[in-house]
Amino acid sequence: MACDDQRPTWDEYFLMLAKLAATRSTCLAFPVGAVIVKNKQVVATGYNGSPSGSAHCTTQGYCYPGLSSCDASKTLPSRAVHAEANAIAQAAKHGISTDGASIYVTLEPCLSCLKLIISAGIKEVFYETAFNAGEKALVRDSFVNEGLVILKQVKLSESTAKRATDLFLLFSTSVVGSDMLQIR
């Protein structure tokens with residue numbers, strides 16, 4: 001098998017980066033990662049967690065006193081800033097335009113984030129796991145039907161995930177020889 005055949009697709013590559021960003025999440029309920037991409041270049045990343053300067057849920061062991069996670073309450077809002085919002089805020093903080101960009105997220109954006117994504121000029125959303133259903137899906141679909149955004153569910157192939165884990169995440173990449181790369 002040629003080495004190029006073993007490379008992840010662009011979608012897999014950016015999804016893996018979003019999954020890596022999710023490992024920084026401080027949310028107890030939904031660890032989510034996001035990567036904004038423009039012209040096949042990463043321009044910003046984000047993960048969900050408490051607002052900057054606020055206590056992290058993972059540090060204190062709860063979101064609110066008496067609640068193990070934000071999704072345990074029907075009335076209290078999540079304390080987390082969503083991964084997509086954090087990525088857009090990071091780009092804005094550094095003066096990077098997101099107009100015409102794409103975003104890769106590990107969880108389909110909620111409607112609030114989808115509206116923010118559209119308003120930020122991001123044209124494509126690639127997500128791993130579906131989230132919106134029922135009436136929320138109807139609103140999402142109306143944005144798609146209006147041509148405001150393109151949504152596409154993407155999956156990481158098992159062979160790409162295994163190769164990334166076995167050869168690159170668990171070992172030093174500078175010492176992985178070409179003979180090891182041909183094994184997979």
Side-chain angles (χ1 to χ4, degrees), residues 7-52 54 57 63 69-157 160-161:
R7 294 174 70 195
T9 65
W10 284 111
D11 287 344
E12 288 178 319
Y13 173 68
F14 294 126
L15 180 59
M16 284 192 289
L17 293 177
K19 290 169 83 74
L20 195 56
T23 67
R24 293 281 306 154
S25 172
T26 62
C27 179
L28 295 167
F30 295 102
V32 179
V35 175
I36 299 175
V37 176
K38 198 168 183 178
N39 301 319
K40 292 193 171 91
Q41 296 295 310
V42 173
V43 297
T45 64
Y47 50 88
N48 60 334
S50 302
S52 185
S54 180
C57 298
C63 296
S69 70
C70 292
D71 65 343
S73 171
K74 299 289 184 213
T75 57
L76 290 170
S78 171
R79 291 181 67 239
V81 177
H82 291 187
E84 304 92 326
N86 271 325
I88 292 168
Q90 183 187 62
K93 186 175 182 177
H94 296 286
I96 300 168
S97 171
T98 56
D99 193 38
S102 300
I103 190 167
Y104 288 79
V105 290
T106 58
L107 183 66
E108 179 186 0
C110 68
L111 292 181
S112 293
C113 284
L114 188 58
K115 291 184 281 186
L116 181 62
I117 286 165
I118 292 166
S119 293
I122 296 172
K123 298 300 181 192
E124 297 176 305
V125 177
F126 298 89
Y127 63 92
E128 181 179 43
T129 303
F131 178 73
N132 294 305
E135 291 178 349
K136 291 179 181 180
L138 291 174
V139 174
R140 175 204 61 207
D141 293 347
S142 73
F143 295 146
V144 171
N145 292 335
E146 290 176 55
L148 300 175
V149 68
I150 296 168
L151 282 108
K152 180 181 176 191
Q153 188 170 18
V154 294
K155 294 289 184 184
L156 186 59
S157 73
T160 297

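All residue numbers refer to positions in the sequence shown, counting from 1.
- Within the 4.5 Å cutoff, side-chain heavy atoms of C110 are placed close to those of F131.
- Contact between V32 and A83 at its shortest, heavy atoms only, is O-CB, 3.5 Å.
- Here the closest non-hydrogen pair linking V35 and F14 is CG2-O, 4.2 Å.
- Note: Y104 OH to Y13 OH = 11.5 Å, rounded to the nearest 0.5 Å.
- In this structure, L17 and T45 have side chains that are not in contact, with every pair of non-hydrogen atoms separated by 4.5 Å or more.
- To the nearest 0.5 angstrom, I150 atom CD1 is 9.5 Å from K123 atom NZ.
- Looking at R140 and L111, their side chains come closer than 4.5 Å, going by heavy atoms from C-beta outward.
- Taking CG of L138 as the start and CG of N132 as the end, the distance is 10.5 Å to the nearest 0.5 Å.
- Put simply, the side chain of C27 does not reach to within 4.5 Å of the side chain of C57, judged on heavy atoms.
- The two residues L107 and A130 come nearest to each other via the heavy atoms CD1-O, 4.0 Å.
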* List the steps, then state whether side chain to side chain contact (heavy atoms under 4.5 Å, CB included) holds for N48 with F30. => CA-CA 8 Å; N48 60 334; F30 295 102; 4.3 Å; yes
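- Other residues, nucleotides and ligands place more than 12 heavy atoms under 6.0 Å from the CZ atom of F143.
- With contacts defined as side-chain heavy-atom distances shorter than 4.5 Å, the pair Y127/L151 qualifies.
- In this structure, A22 and G33 approach most closely via the heavy-atom pair CB-N, 3.4 Å.
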* Test side chain to side chain contact (heavy atoms under 4.5 Å, CB included) on M16 and T160 and set out the steps. => CA-CA 10 Å; M16 284 192 289; T160 297; 3.8 Å; yes
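- Distance alone, capped at 3.5 Å, is enough to place a donor-acceptor pair between the S142 side chain and the V139 backbone.
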* Decide yes or no on side chain to side chain contact (heavy atoms under 4.5 Å, CB included) for I88 and I122, but give the supporting numbers first. => CA-CA 10 Å; I88 292 168; I122 296 172; 4.0 Å; yes
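- When side chains are defined from C-beta on, E84 counts as touching I103, because their heavy atoms get closer than 4.5 Å.
- Checked by atom type and distance alone, the side chain of T9 pairs as donor or acceptor with a backbone atom of E12 at under 3.5 Å.
- Between K152 and D11, some side-chain heavy-atom pair lies under the 4.5 Å cut-off.
- Taken from CG in L148 to CD1 in I118, the straight-line distance is 5.0 Å, to the nearest 0.5 Å.
- The heavy-atom pair separating P109 from I117 by the smallest distance is CG-CD1, 3.8 Å.
- Few gaps surround NZ on K155; more than 12 heavy atoms of other groups in view lie less than 6.0 Å from it.
- Annotation for L156 and A161: closest pair CD2-CB, 3.8 Å, computed over non-hydrogen atoms.
- No more than 12 heavy-atom neighbours from other residues, nucleotides or ligands sit within 6.0 angstrom of CD on E135.
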* **side chain to side chain contact (heavy atoms under 4.5 Å, CB included) between V144 and V149, worked out** => CA-CA 5 Å; V144 171; V149 68; 4.3 Å; yes
